[in-house]
Amino acid sequence: MVESSVFDRITEDRIVPVVIPGEPGQMEGLIEALFRGGLGTIEITLRSETAIDAISAATKQNNMIVGAGTVLSIEQAENAVGARAKFLVSPGFDPAVVGWARRNEVPITPGIATVSEAMRAISSGLHFVKLFPAEQLGGAKTVQAIGAVLPELKIMPTGGVTLKNLTDYLSVPTVGAVGGTWIAPADDIANGHFAKITERAKAAVALSLSR
């Protein structure tokens, strides 16, 4: 099943770089940098006019699992999947977008901020959600509290996650992965500082392996 294989890969990596794309031509260097750092998944956010082209370019590189983030509408979901995105991520729970993804068998990770939203995700047949914005919602303690009552749900905290608090999140049993922009900041991508991105990826992977 496509959904299982995608989420298995995400939980295996445990770290999902969240990227605000610049020029599609920068994707080759970025993907290679992430691979050298030990990461095989990426979330490219739909926050720029070049995002769809960047997703398309990224999917041509190696064996990277490329997802689309900040998906706010069915139209965006359709465009992202048309560009060969393998999974979708939303900042919140939109029934229309979730319904479209379920009907079309596209893996989706909607954002949640409360237990009620988490239960709604489960009722919709989902088992992998994003807690956003994680740090502002209470950080790892909030993730742990939600996981205590909904242990069948895997959570991907995103928003305020950095190398400094990474292990706090990864220590929570129900955390399937974490997402963050710190590994591949837009400025480093734009300026071709791919060695820095590789080093950050390696540091994150080293911490994830210690948990």
Side-chain angles (χ1 to χ4, degrees), residues 1-18 39-45 65-72 74 76-77 80-81 85-162 165-181 204-205 207-211:
M1 185 176 178
V2 173
E3 183 178 36
S4 295
S5 62
V6 168
F7 289 130
D8 285 347
R9 179 66 174 273
I10 291 174
T11 54
E12 180 180 341
D13 270 12
R14 304 198 77 192
I15 313 290
V16 179
V18 179
L39 297 179
T41 58
I42 185 174
E43 175 189 332
I44 298 177
T45 63
I65 301 297
V66 180
T70 321
V71 178
L72 305 177
I74 291 176
Q76 286 184 324
V81 172
K86 297 299 184 184
F87 65 97
L88 306 174
V89 183
S90 294
F93 190 99
D94 185 316
V97 174
V98 170
W100 181 90
R102 297 293 290 168
R103 289 191 300 273
N104 289 278
E105 299 184 343
V106 178
I108 185 167
T109 301
I112 62 131
T114 66
V115 173
S116 294
E117 291 173 335
M119 292 173 65
R120 190 174 188 181
I122 293 172
S123 297
S124 299
L126 303 178
H127 70 279
F128 202 99
V129 298
K130 162 182 171 178
L131 182 72
F132 179 80
E135 274 295 286
Q136 290 86 337
L137 291 172
K141 291 182 179 179
T142 296
V143 182
Q144 189 165 16
I146 294 174
V149 294
L150 300 172
E152 69 272 38
L153 196 65
K154 287 296 182 182
I155 301 172
M156 181 170 71
T158 308
V161 181
T162 67
N165 57 22
L166 179 60
T167 55
D168 293 338
Y169 286 104
L170 293 178
S171 297
V172 180
T174 51
V175 167
V178 300
T181 58
V205 169
L207 283 178
S208 72
L209 292 175
S210 70
R211 295 293 165 180

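- Nearest heavy atoms, Val172 versus Ala140: CG2-O, 3.9 Å.
- Counting heavy atoms from C-beta on, the side chains of Ile42 and Ile44 come closer than 4.5 Å.
- The backbone N or O of Ile10 sits nowhere less than 3.5 Å from a side-chain atom of Asp13 that would complete a donor-acceptor pair.
- In this structure, CG in Leu39 is found 8.0 Å from OG in Ser208, a value given to the nearest 0.5 Å.
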task = Go through the steps to decide whether His127 and Phe7 satisfy the test side chain to side chain contact (heavy atoms under 4.5 Å, CB included), and finish with yes or no.
result = CA-CA 10 Å; His127 70 279; Phe7 289 130; 3.8 Å; yes

key: Val178/Val16 under side chain to side chain contact (heavy atoms under 4.5 Å, CB included): CA gap, chis, key distance, verdict   = CA-CA 6 Å; Val178 300; Val16 179; over 6 Å; no

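- Contact check for Lys130 versus Pro157: no side-chain heavy atoms found under the 4.5 Å cut-off.
- A distance of 9.0 Å separates NZ of Lys86 from OG of Ser5, quoted to the nearest 0.5 Å.
- The side-chain heavy atoms of Ser90 and Thr109, taken from C-beta on, include no pair separated by under 4.5 Å.
- The side-chain heavy atoms of Lys154 and Val175, taken from C-beta on, include no pair separated by under 4.5 Å.
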request  = Start with the C-alpha distance between Phe128 and Ile155, add both sets of side-chain angles, then the distance that settles side chain to side chain contact (heavy atoms under 4.5 Å, CB included), and finish with yes or no.
outcome  = CA-CA 6 Å; Phe128 202 99; Ile155 301 172; over 6 Å; no

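- Residues Gly147 and Thr174 come closest through the heavy atom pair CA-OG1, 3.6 Å.
- Under 3.5 Å, the side chains of Tyr169 and Gln144 contain no donor-acceptor pair of N or O atoms.
- Listed here is the closest heavy atom pair of Ser124 and Val98: CB-CG1, 4.3 Å.
- Rounding to the nearest 0.5 angstrom, the gap separating the CG atom in Asp94 from the CD1 atom in Ile108 is 8.5 Å.
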inquiry  = Could you walk me through whether Arg14 and Leu170 satisfy the side chain to side chain contact (heavy atoms under 4.5 Å, CB included) test, starting with their C-alpha distance in whole Å, then the side-chain angles of each, then the deciding distance to 0.1 Å, before giving a yes or no?
reply    = CA-CA 8 Å; Arg14 304 198 77 192; Leu170 293 178; 3.7 Å; yes

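- Between Val97 and Val71, some side-chain heavy-atom pair lies under the 4.5 Å cut-off.
- Heavy-atom minimum distance, Thr70 versus Gln76: O-OE1, 3.6 Å.
- Of all the heavy atoms in Phe132 and Thr158, the pair that sits closest is CD1-O, 3.2 Å.
- Among all heavy-atom pairs drawn from Glu135 and Val161, the shortest one is CG-N, 4.4 Å.
- Rounded to the nearest 0.5 Å, atoms CD (Glu43) and CG (Leu88) are 10.0 Å apart.
- Residue Thr41 holds its OG1 atom at 6.0 Å from CZ of Phe87, rounded to the nearest 0.5 Å.
- For the pair Leu153 and Met119, the minimum side-chain heavy-atom distance is 4.5 Å or more.
- Distance check, rounded to the nearest 0.5 Å: CG of Asp168 to NZ of Lys141 gives 9.5 Å.
- Applying the ring pair (Phe, Tyr, Trp, His ring centres under 6.0 Å) rule to Phe93 yields no partners; only residues at least two apart in sequence or on another chain are considered.
- Thr142 places a side-chain N or O within 3.5 Å of a backbone atom of Leu137 that can act as its donor or acceptor partner.
- Using a 4.5 Å heavy-atom threshold, the side chains of Ile112 and Ile146 count as touching.
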